[in-house]
Number of protein chains: 2
Amino acid sequence: MDKKIKRPLPKCGIDYAFQRIGGKYKGRILWRLRAGTLRYGELRKTVTGVTSKMLTQALRELEDDGLISRKVYVEVPPKVEYTLTETGKELLPFLSLLRDWAKEQMLINQVEAMPGRS
Amino acid sequence: MDKKIKRPLPKCGIDYAFQRIGGKYKGRILWRLRAGTLRYGELRKTVTGVTSKMLTQALRELEDDGLISRKVYVEVPPKVEYTLTETGKELLPFLSLLRDWAKEQMLINQVEAMPGRS
DNA sequence: CGGGATCCACTACGATACTG
DNA sequence: CAGTATCGTAGTGGATCCCG
């Protein structure tokens with residue numbers, strides 16, 4: 001109990017941000033939600049490699065930090081939808097640019113790894 | 001030996017980027033280098049809380065990924081300078097935006113944590 | 001001064017099983 | 001369907017000592 005006492009609130013903004021969107025899956029979760037609402041099961045399929053435990057944990061932290069909202073439909077079978085909050089959406093331009101940068105780097109590294117290519 | 005086989009090169013750009021600039025100190029290291037060259041000891045002082053082991057490790061990875069350059073002056077006492085590469089500099093706008101976002105969030109969370117404040 | 005080497009703690013992460 | 005519980009692993013980070 002009292003699971004709330006986590007992540008010690010750093011003074012540095014860069015640090016603060018990385019604690020919120022860092023980790024193994026949070027970036028990809030946010031990115032997948034850019035187009036709109038997704039259900040838990042849909043996230044599990046599109047965020048490849050994630051286990052239900054890690055997905056749940058990441059989603060809970062993102063929710064606690066106000067980056068996504070969680071809507072539960074009380075029905076059978078259960079249905080839970082996740083959506084970016086306004087605060088979460090503010091991160092999209094950042095993620096988009098970061099992704100462009102990464103794409104470029106991945107290409108360069110690929111070329112460098114090719115033998116016999118000048 | 002063969003320490004190079006690390007970080008399995010993800011297909012997703014977001015993942016790729018976070019593996020490069022994620023971790024506990026990389027973000028702050030890059031951010032500190034935004035103003036220009038810094039020596040190893042200067043980084044140790046300004047990146048608060050970092051140990052020499054972790055600083056060295058982070059700097060090596062950043063160097064391997066082409067985000068910073070390392071210049072060794074062969075003299076006594078030794079002197080090593082670290083500088084952002086062009087690729088590394090490309091990340092500065094993102095880090096800057098991320099930091100602005102974080103600053104805002106930190107303020108909001110601070111207000112929410114204040115009792116008796118409307 | 002700028003590290004490397006070693007040992008150890010912690011926790012992030014993963015596999016599996018189970019549930020309302 | 002959307003989780004929770006439990007256990008085990010692996011990687012990350014820290015303390016300390018040593019070196020050119």
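A quick note: this is a predicted structure, and the numbers were derived from the prediction, not measured. Chain A is the first sequence line, chain B the second, and so forth, proteins listed ahead of strands; every chain is numbered from 1.
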Item to check | Integer-rounded Å distance: C:dC1 C1' and B:Leu55 CG | outcome: 13 Å

Next on the checklist: Whether B:Arg28 engages the ring of B:Trp31 as a cation-pi pair (distance to the six-membered ring centre under 6.0 angstrom, angle to the ring normal within 45°) should be assessed.
Outcome noted: no

Next on the checklist: So does B:Ser52 get a backbone contact from the side chain of B:Tyr40, meaning a donor-acceptor N/O pair under 3.5 Å?
Outcome noted: yes

Checklist entry - Expressed in angstrom and rounded to an integer, what is the separation of A:Lys79 atom NZ from D:dG3 atom P? => result 13 Å

Checklist entry - Using a cut-off of 4.0 Å on non-hydrogen atoms, how would the nucleic acid contact of B:Tyr73 be classed: base, sugar-phosphate, or nothing? => result nothing

Checklist outcome for this item: Ranking D:dA2, D:dT4, C:dG3 by distance to the side chain of B:Thr56, first place goes to C:dG3

Item to check | Integer-rounded Å distance: D:dC1 C1' and A:Arg70 CZ | outcome: 12 Å

Checklist entry - Of all the choices, D:dG20, D:dG3, D:dA2, which nucleotide is nearest to the side chain of B:Pro78 once you look at every atom? => result D:dG20

Item to check | C:dG14 OP1/OP2 closer than 4.0 Å to side-chain N/O of A:Lys24 | outcome: yes

Next on the checklist: I'd like to know if B:Val80 and B:Val76 are part of one continuous hydrophobic network [Ile/Leu/Val/Met/Phe/Trp/Tyr, side-chain heavy atoms within less than 4.5 Å].
Outcome noted: no

Solution key, residues 86-108 of chain A side-chain donor-acceptor pairs under 3.5 Å, sequence neighbours excluded:
from, atom 1, to, atom 2, distance (Å)
A:Glu86, OE2, A:Lys89, NZ, 3.4
A:Trp101, NE1, B:Thr87, O, 3.4

Checklist entry - With a non-hydrogen cut-off below 4.0 angstrom, is A:Pro77 in contact with a base, only sugar-phosphate, or nothing? => result sugar-phosphate

Checklist entry - How many Å lie between CG on A:Leu59 and P on D:dC1, as a whole number? => result 17 Å

Checklist entry - Which part of the nucleic acid does B:Arg39 contact within heavy-atom distance under 4.0 Å: base, sugar-phosphate only, or nothing? => result sugar-phosphate

Next on the checklist: In this structure, how many angstroms lie between the P atom of C:dG3 and the CZ atom of B:Arg60, rounded?
Outcome noted: 5 Å

Next on the checklist: Counting only side-chain heavy atoms from C-beta out, which of C:dG3, C:dC1, D:dA15 sits nearest to B:Thr51?
Outcome noted: D:dA15

Checklist entry - Quick check: does any side chain N or O of B:Thr85 sit under 3.5 Å from a backbone N or O of B:Ser69, one acting as donor and the other as acceptor? => result no

Item to check | Atom-pair distance (CG on A:Asp15; P on D:dG13), nearest Å | outcome: 11 Å

Item to check | Spacing between B:Leu38 atom CG and C:dC1 atom P, to the nearest angstrom | outcome: 16 Å

Checklist entry - For the pair made of NZ in A:Lys53 and P in C:dT11, what is the distance, rounded to whole Å? => result 13 Å

Item to check | B:Tyr40 side-chain N/O to C:dG4 phosphate OP1/OP2 under 4.0 Å | outcome: no

